[in-house]
**Q** 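Okay, handing you the structure first.
Computed from a prediction, not measured in an experiment: that's the story for all the values here. In what follows, chains are A, B, ... by sequence order, proteins preceding strands, each numbered from 1.
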2 protein chains.
Amino acid sequence: MAHPAEDVRPPTMADVAREAGVSHQTVSRVLSGHPNVRAATREQVTVAIERLGYRRNSAARALVTRRTRTLGVIAVNTALYGPASTLTGLEEAAREEGYLVSAVSLRSGGGQGLRDAIDHLAAWGVEGVVAITPQRSHVQALAELDAPFPVVTVEGGHQLDLPGVSLDQELGARMVTEHLLAAGHANVWHVAGPGDWLESEARTAGWRAVLEENGIRPPRVLTGDWSPLSGYRAGQELAGLAMARRGATPVTAVFVANDQMALGVLRALREGGIRTPAQVAVAGFDDIPEAEYFPPPLTTVRQDFAAIGRRSIGLLVDHIEGRATKTEHLLVEPQLIMRASTRPPHEA
Amino acid sequence: MAHPAEDVRPPTMADVAREAGVSHQTVSRVLSGHPNVRAATREQVTVAIERLGYRRNSAARALVTRRTRTLGVIAVNTALYGPASTLTGLEEAAREEGYLVSAVSLRSGGGQGLRDAIDHLAAWGVEGVVAITPQRSHVQALAELDAPFPVVTVEGGHQLDLPGVSLDQELGARMVTEHLLAAGHANVWHVAGPGDWLESEARTAGWRAVLEENGIRPPRVLTGDWSPLSGYRAGQELAGLAMARRGATPVTAVFVANDQMALGVLRALREGGIRTPAQVAVAGFDDIPEAEYFPPPLTTVRQDFAAIGRRSIGLLVDHIEGRATKTEHLLVEPQLIMRASTRPPHEA
DNA sequence: CACGCCTTTGTGAGCGCTAACAATCTAGCT
DNA sequence: AGCTAGATTGTTAGCGCTCACAAAGGCGTG
C-alpha cells in the first residue's frame with residue numbers, strides 16, 4: 001500500500017518477507033528446509049509464498065551457490081531406439097537426483113560437433129555431462145577435449161580413462177552364440193555393425209570368443225551399418241552361401257549385431273527361399289519393440305536402458321559431488337530373449 | 001602478484017579486465033559484440049579471454065538480464081520413434097536460435113505428471129515450453145494449467161486456445177485412403193489408434209471423410225493401442241473376416257493407424273494364409289526405419305519431424321520475444337510413401 | 001582555435017539470492 | 001535469581017554480470 005509504483009516483475013524473496021513480516025533470510029530458511037524455524041513462522045511464510053505465487057529465482061541461487069544443478073547429455077542419433085531409450089532413462093534418474101537435464105543431439109558426430117556440444121552446454125553452466133558415444137572416434141575426441149566438468153560415457157568402452165557405463169555387450173553376444181551352439185548348430189555366422197563402433201567390436205568379440213572356446217573356427221564376418229538395407233545385403237550373401245553349399249562353412253545360424261539388420265537378413269533369406277528357423281536360425285541384438293513381430297519373432301538381447309540411465313547419472317553425480325574420484329566403469333547385464341527365429345528344428 | 005591468496009575459482013570478467021588492462025565493462029562489450037570498441041582493444045580483450053580460459057557466467061548473466069535462454073520440452077513416451085525424432089528436431093532448431101533445451105519425459109501422462117513437469121521446468125527458469133502432447137487429456141490438462149510462460153503444443157490439436165504445430169494427420173490419412181481406392185479397392189478397413197489420442201482421431205476422420213466423399217459406407221473401425229500386439233489381434237480379426245466372406249464388407253484393403261500395428265496386422269494375415277498385397281493391401285502411418293523391410297515393404301505416411309521441430313521452436317520463440325500474440329496453429333504436410341504392401345495385383 | 005558531436009572507455013548501482021555472523025530470545029541449570 | 005547453551009531471527013556482504021550514465025578523447029566546422 002505504501003508503494004505507489006506497481007511492478008509487473010515476479011515477486012522476490014523480499015516481497016515474501018514483507019508479506020509475512022519476517023526477514024528475507026527466514027524465507028530462505030523455510031524454502032531450504034532449515035530445521036531451526038518456529039512452526040508458526042514457517043506457516044506464515046508458506047502462506048505468504050502461496051499468496052504471492054512466489055518462485056525462487058534459479059539464476060540468483062545459482063550465482064551464489066555456484067551450483068546450477070543442471071546436467072548435459074550429448075547423444076548421437078537420438079532417433080534410434082537405443083539412444084532414445086537411454087535418454088529417457090537418464091532424464092528420469094537425473095530428475096530424481098534433483099537435476100535438470102539438457103540434451104544436445106548430434107546428427108553424425110565428428111570431433112568438431114562434440115566440441116561444439118560441450119561448449120554449448122558449458123556456456124549454460126552444466127555441472128557435468130553424460131555422453132552417449134558409441135563410436136570409438138567420439139570417445140577419443142572426448143578424452144582429448146578436457147572438458148571443464150566431469151564427463152561420463154555411455155557405451156564408450158573402458159580403454160580410456162573416462163568413467164562410464166555400458167551394457168555388457170560381449171556377454172550379450174556370448175549368450176546368443178552359446179544359445180545357438182546349444183541348439184545344435186555346428187557353427188554361427190555373424191553380421192557385424194560398422195567398424196568404428198565399440199558395440200560392434202564387443203559383440204563380434206563375444207561371438208568370436210565363444211566359438212574359439214568351443215574349438216570352432218569362426219567364419220568370415222559380414223559387415224553392415226545397422227540399417228535394415230545393409231542387413232538385407234548381408235542376408236543376400238548368406239542366402240547365396242546357404243544354397244551353394246560350397247566348401248565354405250555351412251550357413252545354419254546367424255548372429256546379427258542388431259535387430260534392424262536382422263530384419264533385412266530375414267527378408268533376404270525369405271526371398272532366397274530359405275526358411276527361418278528351419279534352415280537358418282537368426283538372432284539379433286537390442287530387442288526393439290517390433291522384434292517380437294518379425295517374421296519370425298526374433299531371438300535377441302534386451303538392454304535395461306533404465307538401469308543404464310540410473311547408473312550413469314549416479315556415477316556422474318558422484319563425481320560432481322566429489323564422492324568418486326577414480327574412473328570406474330560399470331557394466332549392466334543383458335538379457336537373452338528367446339523367440340521363434342532360433343527355435344531348434346525338432347521343436348518347431 | 002599483489003594478491004597472495006590463490007583462487008581455484010574460474011576467472012571472472014574482472015580478471016579478464018585486469019589482464020587486458022581495461023574495465024570490466026569493455027570486456028562485457030567485446031563479449032556481446034558491441035560495435036563501439038576499438039579493434040585494438042577488442043584484440044587485447046580477446047587475447048586475455050583466451051589466455052585465462054574465461055567463460056561468461058550464465059547465472060550472473062541470467063540474473064541481470066532476466067533471460068535464461070532455456071526452453072523446456074515435455075514429452076510422453078520419448079522412446080517411440082515419433083516423439084524421439086521430434087525431440088531431435090526441436091533441439092536442433094532451438095540451438096540454432098541460441099537456446100538450450102531441457103527435456104522432461106513422462107512415462108505415462110496423467111495431469112499430475114504434466115503439472116510436475118511444468119513445475120520442474122519452471123523451477124529452473126525456462127522461458128517457454130514445447131509440449132508433445134498427443135493425448136486429448138494432456139492438452140486439456142495443459143490448457144487448465146496456466147503456466148507462467150508460453151506453451152506451444154506439438155500434435156495437440158487446435159480446439160483449445162494453445163498455439164501449436166501438428167502434422168496434417170487428416171491429410172495423411174486421406175492420401176492413404178485415396179491411394180487405396182485408386183488402386184481399385186471397393187472399400188478400405190481401418191485399424192485405429194487408442195481413443196484418447198488426437199492422432200488417432202484425425203487419422204480416422206481423414207479415412208472416413210474420403211470414403212464418405214466417394215459414397216462408400218465405412219466399415220466398422222477396429223482399435224489398437226499402437227503396439228504390434230494390438231495390431232496382431234486386429235489382424236486376426238480381419239483375417240477371419242477375409243476368409244469368411246460373410247455378408248460384411250469384403251476385406252481387401254486395410255489402413256492401419258501406425259506402422260507398428262501394421263507389422264502385427266501383416267503377421268496375422270500371413271498366419272491366416274492371406275497374401276499381402278495380392279489378397280489384402282495394407283498401409284501404415286509414420287514410416288519408421290523398419291517399414292521398408294516389412295514383409296512386404298509397407299506403404300505409409302512420412303512425417304517431417306525436423307520441420308515440426310523448427311516450426312514449433314519458431315512459434316515458441318515468437319511468443320517469448322513478444323512477436324506473436326495470437327494462438328496460431330501450424331500444419332506440416334505429410335508425404336505418402338508407396339511400397340509393395342499396397343501394389344495393385346495386376347502390377348505385382 | 002573554440003565549440004559541439006560522436007566515439008570510446010570507465011564508474012556505480014543493483015539483479016535476487018545464500019552464507020557468515022550478530023543479535024535476541026528461551027529454557028535449563030545451579 | 002543469575003548465568004549459559006541452544007534455538008530462533010535479523011543484518012550485512014557479496015556472487016559476476018549488465019545497464020545507465022558519466023567522463024574522456026577525436027575530429028570537423030564556423
**Q** Does a side-chain N-to-carboxylate-O contact under 4.0 Å join B:E321 and B:R67?
**A** yes
**Q** Below 4.0 angstrom, which residues in residues 35-47 of chain B have at least one non-hydrogen atom near DNA chain C?
**A** B:N36, B:V37, B:R38, B:T41
**Q** Specify the separation, in whole Å, of atom CZ of B:R29 and atom P of D:dC21.
**A** 14 Å
**Q** Just to confirm, is there a sub-4.0 Å distance from OP1 or OP2 of D:dT8 to any side-chain nitrogen or oxygen of A:T26?
**A** no
**Q** Mind calculating the distance between CD1 (B:I49) and C1' (D:dC17) to the nearest angstrom?
**A** 14 Å
**Q** Would you say A:D196 and A:S137 are linked by a side-chain donor-acceptor pair, where the criterion is simply a distance under 3.5 Å?
**A** yes
**Q** Provide a list of protein-nucleic acid N or O atom pairs under 3.5 angstrom, restricted to nucleotides 12-15 of chain D.
**A**
| unit_1 | atom_1 | unit_2 | atom_2 | d |
| --- | --- | --- | --- | --- |
| D:dT12 | O4 | A:H24 | NE2 | 3.3 |
| D:dC15 | O3' | A:R66 | NH2 | 2.9 |

**Q** Under 3.5 Å, is there a donor-acceptor pair between the B:T133 and B:T153 side chains?
**A** no
**Q** Provide the full list of ring-ring contact (aromatic ring centres under 6.0 Å, His included) pairs with a residue in residues 27-78 of chain A, sequence neighbours left out, each pair given once.
**A** none
**Q** Going by heavy atoms in the side chains, are A:V30 and A:T41 under 4.5 Å from each other?
**A** no
**Q** Check whether any side-chain heavy atom of A:L162 lies under 4.5 Å from a side-chain heavy atom of A:T327, and answer yes or no.
**A** no
**Q** Would you call A:V129 and A:L121 a side-chain contact if the rule is heavy atoms closer than 4.5 Å?
**A** yes
**Q** Verify the distance criterion only: is there a donor paired with an acceptor across the side chains of B:H158 and B:S166 at less than 3.5 Å?
**A** no
**Q** Quantify the bending of the helix from C:dC1-D:dG30 to C:dT30-D:dA1 as the angle between its end axes, each fitted on five pairs, to 10°.
**A** 50°
**Q** Hey, does B:V130 have a side-chain heavy atom less than 4.5 Å from the side chain of B:V154?
**A** yes
**Q** With a 4.0 Å cut-off, would you call A:E127 and A:R69 a salt bridge?
**A** no
**Q** In this structure, how many angstroms lie between the P atom of D:dG16 and the CG atom of B:L52, rounded?
**A** 14 Å
**Q** Please state how far atom CZ in B:R61 lies from atom C1' in D:dT18, giving the value in whole angstrom units.
**A** 9 Å
**Q** Between A:T65 and B:G21, which residue's closest nucleotide on DNA chain C lies nearer the 5′ terminus?
**A** B:G21
**Q** Applying side-chain hydrogen bond (donor to acceptor under 3.5 Å, both in side chains) as the test, list every pair that has at least one member in residues 80-95 of chain A; sequence neighbours left out.
**A** A:T88-B:T78, A:E91-A:R95, A:E91-B:S105, A:E92-B:R107
**Q** Check every nucleotide of DNA chain C for an atom under 4.0 Å from a heavy-atom of chain B, then give the first and the last such nucleotide from 5' to 3'.
**A** C:dT8 to C:dG16
**Q** Could B:R311 and B:D304 be called an ion pair, given the rule that one side-chain N must be under 4.0 Å from one carboxylate O?
**A** no
**Q** Roughly, in whole Å, what's the span from NE2 in A:H34 to P in D:dA7?
**A** 9 Å
**Q** Return the CG to CD distance between B:L71 and B:E97, rounded to the nearest 0.5 Å.
**A** 9.0 Å
